[in-house]
Amino acid sequence: MNYQLAREQMIKRQIIGRGIKNPRLLEALQTVPRHLFVPKRERGHAYADSPLPIGEGQTISQPYIVAYMTELLNLQGDETVLEIGTGSGYQAAILGELAAEIHTIERHEKLARTAQKLLAQLGYHNIHVHQGDGTLGLPEFAPYAAVMVTAAAPTVPRPLLEQLEDGGKLLMPVGEHFAQVLELWQRQGENFTTHKITPVAFVPLLGKYGLES
Ligand code: SAM
């Protein structure tokens with residue numbers, strides 16, 4: 001299979017075709033080899049217009065959702081970003097192409113280990129994979145210009161809001177099991193503005209400030 005061509009077609013049909021234009025983001029999507037982030041048996045579908053299983057009952061998000069959420073953060077290149085839900089590491093790699101430092105947290109030890117190994121092999125020295133409960137955030141590296149949560153819960157974990165810098169943005173699917181709305185929060189001093197963006201379907205965010213495990 002010609003993965004480079006599959007990637008070009010994915011970008012043309014699924015990403016540009018749905019209105020995403022940011023040139024840096026399009027370049028990042030062309031650079032990151034998505035097929036390496038899915039299990040071998042799924043490689044033939046890596047560039048399909050859908051999420052895919054990655055083991056442990058978890059998924060890598062649909063390419064368009066990755067692109068859409070990333071575009072909303074409008075990264076310029078000098079930011080420190082926190083991602084909750086490393087999963088395959090694909091979203092982290094896209095963020096790693098667009099911002100200065102990425103911290104990403106995964107609760108499943110095996111997924112965290114696999115993602116860390118692959119990201120190191122691909123040379124992403126600016127991406128740091130942490131294993132643990134992402135609902136607590138990572139105060140030692142805060143504040144963050146952006147926090148992206150790629151799993152859903154009924155409310156946004158308070159520690160993640162507290163770890164945003166002034167003007168920083170948080171993006172998270174909020175709602176019940178597999179029926180949520182993507183919310184964009186922005187910090188202004190001690191206040192937050194919030195916008196509901198679009199309906200989405202993500203796996204649950206488990207942990208102390210998420211759903212019960
Ligand atoms: N961003 C991922 C990617 O690019 O492959 C996809 C993420 S997947 C939809 C959601 C991930 O969130 C799962 O791997 C799941 O184990 C993880 N997760 C759920 N609750 C978590 C928590 N409290 N802390 C860290 N990771 C969590």
Side-chain angles (χ1 to χ4, degrees), residues 10 25 28-29 31-39 42-43 45-48 50-73 81-99 102-119 122 124 127-139 141 144 146-161 163 170-180 182 200-213:
M10 170 194 90
L25 172 56
L29 291 163
T31 303
V32 179
R34 180 172 162 96
H35 58 282
L36 299 182
F37 290 83
V38 304
E42 299 290 347
R43 290 219 169 131
H45 308 293
Y47 297 96
S50 63
L52 290 172
I54 55 169
E56 313 295 325
Q58 304 303 326
T59 52
I60 177 174
S61 304
Q62 179 191 9
Y64 175 64
I65 285 290
V66 172
Y68 186 70
M69 288 176 70
T70 308
E71 189 174 55
L72 285 168
L73 295 180
V81 179
L82 176 66
E83 183 200 19
I84 313 302
T86 314
S88 67
Y90 177 70
Q91 173 74 73
I94 298 290
L95 293 171
E97 293 282 339
L98 297 170
I102 315 299
H103 292 278
T104 177
I105 315 178
E106 171 56 52
R107 66 185 288 276
H108 274 287
E109 198 184 330
K110 190 158 170 253
L111 292 177
R113 231 184 306 123
T114 306
Q116 181 166 37
K117 201 168 142 207
L118 177 59
L119 290 164
L122 292 173
Y124 286 105
I127 305 178
H128 314 281
V129 180
H130 307 262
Q131 197 259 316
D133 178 4
T135 68
L136 304 172
L138 213 49
F141 300 105
Y144 302 100
V147 175
M148 184 190 280
V149 188
T150 63
T155 54
V156 176
R158 193 74 212 170
L160 301 183
L161 293 172
Q163 290 169 34
L170 176 144
L171 203 49
M172 173 170 159
V174 178
E176 303 302 326
H177 280 269
F178 298 101
Q180 310 110 19
L182 187 63
V200 284
F202 274 82
V203 297
L205 178 72
L206 305 177
K208 185 169 178 193
Y209 296 93
L211 291 158
E212 279 174 32
S213 22

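Each residue takes its place number in the sequence, starting with 1. Counting starts at 1 for both ligands and their atoms, following the listed order.
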Check if [X] has a non-hydrogen atom at a distance under 4.0 Å from any atom of ligand 1.
X: E83; value: yes
X: I94; value: no
X: A92; value: no
X: A93; value: no

Query raised in the report: Would T70 and Q91 count as having a side-chain donor-acceptor pair, cut-off 3.5 Å?
Result: yes
Query raised in the report: Closest approach of Y124 and V32, non-hydrogen atoms and distance?
Result: OH-CG2, 3.4 Å
Query - Sub-3.5 Å N/O-N/O distance, G85 and ligand 1 - result: yes
Query - G134 N/O under 3.5 Å from ligand 1 N/O - result: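 Yes, at least one N or O pair falls under 3.5 Å.
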Report task. Start with the C-alpha gap between V147 and Q163, add the side-chain angles, then the distance that decides, and say whether side chain to side chain contact (heavy atoms under 4.5 Å, CB included) holds. Result -> CA-CA 9 Å; V147 175; Q163 290 169 34; 5.7 Å; no
Report summary line: When E83, H128, H130 are each screened for side-chain hydrogen bond (donor to acceptor under 3.5 Å, both in side chains) with H103, the one that passes is H130
Quick one: nearest non-hydrogen protein atom to [atom], plus distance?
atom: atom 21 (C) of ligand 1; answer: R107 CD, 3.3 Å
atom: atom 17 (C) of ligand 1; answer: E106 OE1, 3.4 Å
atom: atom 20 (N) of ligand 1; answer: L206 N, 3.0 Å

Query raised in the report: From I94 CD1 over to L73 CG, what is the distance, rounded to the nearest 0.5 angstrom?
Result: 12.5 Å
**Report entry** Spatial distance of atom OG1 (T86) from atom CD1 (I54) [nearest 0.5 Å]
**Finding:** 9.5 Å
Query - Side chain, backbone, both or neither: the part of V203 lying under 4.0 Å from ligand 1 by heavy atom - result: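 Only the side chain of V203 comes within reach of ligand 1.
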